[in-house]
Engineer: 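Below you'll find the structure I mean.
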Amino acid sequence: MGKIKTIGVLTSGGDAPGMNAAIRAVTRSAIHSGLTVYGIKRGYQGMIDNDMEILNSESVSGIIQRGGTMLQTARCKAFRTYEGREVAYNNLKAREIDGVVVIGGDGSFSGASDMVQEFDIPFIGIPGTIDNDLYGTDCTIGYDTCLNTVIEAVDKIRDTATSHNRIFFVEVMGREAGFVAINSGIASGAEVIMIPEEPNQMEKAREFLSERARKNKSSIILVAEGLEDGSALQIAEKLTPEFPQFDIRVSILGHIQRGGAPSARDRILASRMGVAAVDALLDNQSAAMIGIVNDEIMYVPLNKSVKLHKKISRDLIDLAEGICTFGPGRK
Ligand code: ADP
């Protein structure tokens with residue numbers, strides 16, 4: 001591999017607050033090292049459509065505090081095919097782009113991994129997803145902001161739940177992972193937390209409601225999406241006829257969890273990871289994801305970050321157990 005002179009940066013897959021801070025850090029540190037930087041629009045779609053433009057220092061000013069992504073993001077079917085990736089590679093080569101930073105989740109990293117195997121161009125990944133479900137880093141960009149959004153919403157729901165003596169099932173995002181649910185549940189004092197990593201979650205909610213029947217108190221049941229028992233709505237529909245004495249409501253927080261100004265933590269995380277990604281390209285690394293573990297930068301092979309699953313620690317599940325009425329791991 002020769003010396004890198006021109007790089008591309010893109011955001012791909014689901015958006016997350018803090019992606020702008022990462023774009024800014026990649027751009028500024030690359031310019032500082034004498035590189036030319038192209039911003040690639042709408043994820044891999046822009047790579048295939050040749051939709052890219054040179055970014056300078058001013059192009060990324062005033063964005064660190066903004067949610068979303070200035071480059072926009074997309075899901076791109078064509079990139080899943082070899083032919084699509086070949087078009088993308090030829091577009092990169094035509095602009096003499098000799099290294100790429102992809103800010104995204106595991107799907108985006110699968111695509112990056114394919115590119116590196118098929119063509120002679122290095123790709124470095126920066127983990128950007130509110131779900132925090134990527135192996136090889138303690139936190140992903142956007143996760144902390146999402147947690148803060150969720151607890152603010154749950155605090156508000158609790159006010160009305162208490163006033164009306166209602167039971168609320170609150171559904172949060174996370175795909176197949178319960179990181180958002182368990183940590184926002186702990187931070188908002190939820191009575192029950194239901195996560196896909198633990199068995200018998202529906203049974204736990206049922207037991208909780210049976211116990212509550214005697215106390216008749218308002219409660220928050222925090223439900224991760226991706227439970228095998230179904231969505232919060234389906235779970236509430238199944239349980240409501242069994243507990244007619246309760247006023248049961250459902251609140252699905254939805255896309256507010258993806259937006260908003262990134263927290264200080266996410267801005268700093270994104271800035272550190274952005275600089276580390278450019279350093280990695282300059283060190284001739286490829287097919288690596290930038291992680292931060294115990295406050296130290298790590299370079300994790302992309303295929304490892306895609307294949308391995310980050311687990312919620314047993315200590316955290318036990319902790320939730322100890323302080324919630326019905327934590328996720330209750331036996
Ligand atoms: P995320 O990166 O947030 O997990 P997706 O799973 O939607 O989001 O992936 C983003 C994009 O990455 C997809 O639209 C597609 O272009 C590309 N991609 C995902 N999986 C693969 C794959 N197995 N091979 C090639 N490209 C992929």
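The analysis underlying the following values was restricted to heavy atoms, covering all of them including side chains, and did not include hydrogens, waters or symmetry mates. Numbering of ligands and ligand atoms starts at 1, following listing order. All values derive from a computational prediction rather than experimental measurement. The chain is numbered in sequence order, starting from 1.
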Engineer: Do Gly104 and ligand 1 have an N or O pair less than 3.5 Å apart?
Structural biologist: no

Engineer: Using modelled atom types only, decide if a donor and an acceptor are shared between the side chain of Ser113 and the backbone of Ser110 within a distance under 3.5 Å.
Structural biologist: no

Engineer: Kindly say whether Asp295 contributes a backbone atom to a donor-acceptor pair with the side chain of Arg272 at under 3.5 angstrom?
Structural biologist: yes

Engineer: Near Phe79, which atoms of ligand 1 are under 4.0 Å from a heavy atom of that residue?
Structural biologist: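 Listed by number with element: 16 (O), 25 (C), 26 (N).
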
Engineer: If you measure every N/O of Tyr44 against every N/O of ligand 1, is any gap under 3.5 Å?
Structural biologist: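 Among all N and O atoms of Tyr44, none is under 3.5 Å from an N or O of ligand 1.
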
Engineer: With only distance considered, is Gly107 within less than 3.5 Å of ligand 1 through an N or O on each side?
Structural biologist: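 By distance alone, the answer is yes.
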
Engineer: With heavy-atom distances below 4.0 Å as the criterion, list the atoms of ligand 1 near Cys76.
Structural biologist: 13 (C), 14 (O), 15 (C), 16 (O)

Engineer: Out of all atoms in ligand 1, which are within 4.0 Å of some heavy atom of Arg75? Include the element for each.
Structural biologist: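 Heavy-atom distances to Arg75 below 4.0 Å select 5 (P), 7 (O), 8 (O), 14 (O).
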
Engineer: Does the gap between the ring centers of Tyr82 and Phe119 come in under 6.0 Å?
Structural biologist: yes

Engineer: Could you tell me the residue and atom name of the protein heavy atom closest to atom 11 (C) of ligand 1, and the distance to it rounded to 0.1 Å?
Structural biologist: Ser12 OG, 3.7 Å

Engineer: Within ligand 1, which atoms have a heavy atom of Gly111 less than 4.0 Å away?
Structural biologist: 25 (C), 26 (N), 27 (C)

Engineer: Considering only the protein, which heavy-atom contact is closest to atom 2 (O) of ligand 1, and what is its distance?
Structural biologist: Ser108 OG, 2.5 Å

Engineer: Which heavy atom of the protein is the closest neighbour of atom 22 (C) of ligand 1, given with residue, atom name and distance?
Structural biologist: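 The closest one turns out to be Ser110 CB, 3.6 Å.
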
Engineer: Which of the atoms of ligand 1 are close to Gly105, meaning less than 4.0 Å from one of its heavy atoms?
Structural biologist: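 The atoms of ligand 1 under 4.0 Å from a heavy atom of Gly105 are 1 (P), 2 (O), 3 (O), 4 (O).
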
Engineer: Run through Ile151, Thr149, Asn148, Leu253 and flag the one making a side-chain contact (heavy atoms from CB on, under 4.5 Å) with Ser184.
Structural biologist: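 Only match with Ser184 under side-chain contact (heavy atoms from CB on, under 4.5 Å): Ile151.
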
Engineer: Taking NZ, NE, NH1 and NH2 as the nitrogens, is one of them in Asp229 or Arg206 under 4.0 Å from a carboxylate oxygen of the other?
Structural biologist: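 So Asp229 does not pair with Arg206 through a salt bridge.
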
Engineer: Are Arg212 and Ser219 close enough that a side-chain donor and a side-chain acceptor fall under 3.5 Å?
Structural biologist: yes

Engineer: Identify whether the distance between the nearest side-chain nitrogen and carboxylate oxygen of Arg158 and Glu191 falls below 4.0 Å.
Structural biologist: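 Result for this pair is yes, salt bridge flagged.
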
Engineer: Using a 3.5 Å cut-off on N or O atoms only, is Lys77 in polar contact with ligand 1?
Structural biologist: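 Checking ligand 1 against Lys77, no N or O pair falls under 3.5 Å apart.
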
Engineer: Give the numbers and elements of all ligand 1 atoms closer than 4.0 Å to a heavy atom of Arg85.
Structural biologist: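 Here the atoms of ligand 1 in question are 25 (C).
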
Engineer: Near Gly13, which atoms of ligand 1 are under 4.0 Å from a heavy atom of that residue?
Structural biologist: 1 (P), 2 (O), 3 (O), 8 (O), 10 (C)

Engineer: Before signing off on this row, confirm whether Ala74 and ligand 1 have an N or O atom pair separated by under 3.5 Å.
Structural biologist: no

Engineer: Can you sort out which atoms of ligand 1 are near Asp114, meaning under 4.0 Å from one of its heavy atoms?
Structural biologist: 24 (N), 25 (C)

Engineer: Going by atom types alone, do Tyr299 and Asp283 pair a side-chain donor with an acceptor below 3.5 Å?
Structural biologist: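 Side chains of Tyr299 and Asp283: no pair found under 3.5 Å.
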
Engineer: Heavy-atom distances under 4.0 Å decide this one: backbone, side chain, both or neither, for Met115 against ligand 1?
Structural biologist: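 It is neither part, as no heavy atom is under 4.0 Å.
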
Engineer: Can a donor-acceptor pair be found, under 3.5 Å and without considering hydrogens, that links the side chain of Glu321 to the backbone of Leu319?
Structural biologist: no

Engineer: Taking the side chain as C-beta and beyond, is there a heavy-atom pair between Leu55 and Met70 under 4.5 Å?
Structural biologist: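 They are in contact (side-chain heavy atoms under 4.5 Å apart), so the answer is yes.
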
Engineer: What protein heavy atom sits nearest atom 3 (O) of ligand 1, and how far away is it?
Structural biologist: Gly14 N, 3.2 Å

Engineer: Does the distance from a Lys or Arg side-chain N to an Asp or Glu carboxylate O, for Glu207 and Lys204, drop under 4.0 Å?
Structural biologist: no

